[in-house]
Amino acid sequence: MITPVLPTYARIDLQFERGEGCWLVTTDGRRFLDFTAGIAVNVLGHANPYLAAALSEQATKLWHVSNLFRIPGAEKLAARMTAATFADTMFFTNSGAEALECAIKMARRYQYVSGHPEKNRIITFEGAFHGRTLATIAAGGNPKYLEGFGPDLPGFDQVPFGDLDAARAAVTSETAAILVEPVQGEGGVRVPPAGFLAGLRQLCDENGLLLVLDEVQSGVGRTGRLFAHEWTGITPDIMSVAKGIGGGFPMGACLATEEAAKGMTVGTHGSTYGGNPLAMAVGNAVLDVVLEDGFLDRVNRVAGRFQQRLAELRDSHPAVIAELRGQGLLLGIKAAVPAPELIAALREEGMLVPGAAENVIRLLPPLTVSEEEVAIAADKIEAACRRIEARLAADPVKGAAE
Ligand SMILES: *Cc1c(COP(=O)(O)O)cnc(C)c1O
């Protein structure tokens, strides 16, 4: 019999009653170190008192009015985000996929109002993840997510990630834009080769294309800069953001330069909830903390320490850890055993991590994680490695087969 909640997730049988920073407490009192953080969402940890105060204060005043009226919190957040980034303007959404929908529409519309309605195709990359709407599954191109939901939305041309020559060869007179994650998250924490984003930027400039970055997972401090593209020295024309931007309150955004947004005039796009006062109160509070002097320096320091410990673990546990990936606190371990085994062993040690493609587990702690907590995490990973090694030693045939 079907469950009352549509069974599209194979859920882990854990129920949490509350969270405290990087820790989750189950209804039966067990504590877990949470390096899932709601899939890179809870950037300031669970039950952050500053965010809770911002949300409760707004909740006593005004929840929702719609975009038929001015929303001071949205104007304030947009002014601050555009001041802190390449962007001149932004549209608020409720999720990452909606932020991508806005980005895709904006890129096509830009070409349309520039006199190039034929330029409506977008180059995307293998292993990409852009969401689960009809347009974003077409953009992501993952056959698993497309199967049975046809007809596939046309307009996307996919090439291998990190392959600049393939991207160049895919440009036609119908290309409008290139859409890429600076670091692929769901795709397996894949950091592209140095120069890849700069090469795409140049390719766009040479061909009148827009560069659209999907920073839904890599943004809001996750890699140690406010946005991951800041490490590369280039800026996009359009950028989608979500996950961390609301610290756990559902929200997203599409940011753009004035030029890229020139087609998005009154009536061209909308959202009932997007930028609602509750979300904006939390979004402004998240930004207060992330933009504080020293916040990102601390993220980089803790990330560096964690990466150092992980490198030691890779060297001492090659039977479990095949490879380390990532940047800042968007980290991955490519497992030498089936990744679900490592995820389960970590759970037995009291630590929660999500998986990713390419047999990778992700390490996505809240950005407020302390040096002590990454040390605890490293100890738990080591204990999980030992647990698996003991199992392999007890059953070498099975171990070899895997
Ligand atoms: C999670 C994610 C999305 C989709 O966000 P939703 O809020 O689930 O719609 C899009 N792009 C990237 C890179 C993501 O990691």
Side-chain angles (χ1 to χ4, degrees), residues 6 8-9 35-43 91-107 122 124-142 144-146 149 153 156 158 161-162 177-192 197 200 211-223 227-229 236 238-255 271 273-276 279 282-283 286 325-332 353-358 360-364 367:
L6 192 73
T8 57
Y9 281 92
F35 274 39
T36 296
I39 317 184
V41 166
N42 303 94
V43 283
F91 181 86
F92 291 106
T93 69
N94 311 287
S95 69
E98 279 177 273
L100 266 303
E101 291 275 345
C102 179
I104 291 163
K105 286 176 72 175
M106 189 186 288
I122 297 177
T124 64
F125 294 89
E126 289 167 17
F129 182 77
H130 300 299
R132 296 294 203 108
T133 62
L134 288 167
T136 55
I137 56 175
N142 184 337
K144 261 194 335 207
Y145 297 159
L146 286 161
F149 296 119
L153 199 80
F156 299 95
Q158 201 160 52
F161 185 61
I178 297 176
L179 166 61
V180 67
E181 294 156 86
V183 178
Q184 284 190 347
E186 307 291 322
V189 193
R190 297 167 78 196
V191 179
L197 284 192
L200 292 180
L211 180 63
V212 183
L213 293 185
D214 181 352
E215 292 238 24
V216 168
Q217 191 153 160
S218 59
V220 197
R222 179 56 52 189
T223 68
F227 292 101
H229 69 263
I238 300 174
M239 174 172 75
S240 56
V241 177
K243 293 201 165 92
I245 194 176
F249 196 93
M251 77 177 275
C254 176
L255 290 83
S271 164
Y273 283 128
N276 119 335
V282 181
V286 168
R325 295 179 172 186
Q327 195 171 25
L329 290 174
L330 175 46
L331 294 172
V353 301
E358 300 198 336
V360 166
I361 70 158
R362 279 178 286 175
L363 302 164
L364 305 169
L367 303 182

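Side-chain atoms are counted along with the backbone in the values below, which use heavy atoms only and exclude waters and symmetry mates. Start at 1 with the first residue, then count along the sequence. Remember, it's 1-based here, ligands and their atoms both numbered in the order they're listed. Source: prediction; values computed, not measured.
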- Query: For Ala97, what residues pass the side chain to side chain contact (heavy atoms under 4.5 Å, CB included) criterion, not counting sequence neighbours?
  - Reply: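 Ala97 satisfies side chain to side chain contact (heavy atoms under 4.5 Å, CB included) with Ser95, Thr133, Thr136 only.
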- Apply side chain to side chain contact (heavy atoms under 4.5 Å, CB included) to Phe92 and list each qualifying residue two or more places apart in sequence or on a separate chain.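 Listed in chain order: Ala74, Leu77, Ala78, Met90, Met251, Ala253, Met280.
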- Heavy-atom closest pair, residues Arg362 and Val353: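 Distance-wise, the nearest heavy atoms are O-CB, 3.3 Å.
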- Who are the salt bridge (Lys or Arg N to Asp or Glu O under 4.0 Å) partners of Glu126, not counting sequence neighbours?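 Scan of Glu126 (salt bridge (Lys or Arg N to Asp or Glu O under 4.0 Å), adjacent residues dropped) gives none.
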- Message: So does Gly252 get a backbone contact from the side chain of Glu98, meaning a donor-acceptor N/O pair under 3.5 Å?
- Response: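 Checked: no pair found.
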- Task: In sequence, state the C-alpha distance, the side-chain angles, and the governing distance for Glu181 and Arg190, and then conclude on side-chain contact (heavy atoms from CB on, under 4.5 Å).
- Result: CA-CA 9 Å; Glu181 294 156 86; Arg190 297 167 78 196; over 6 Å; no
- What residues come within 4.0 Å of ligand 1, counting heavy atoms only?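 Close residues (ligand 1, cut-off 4.0 Å): Ser95, Gly96, Ala97, Phe129, His130, Gly131, Glu181, Asp214, Val216, Gln217, Lys243.
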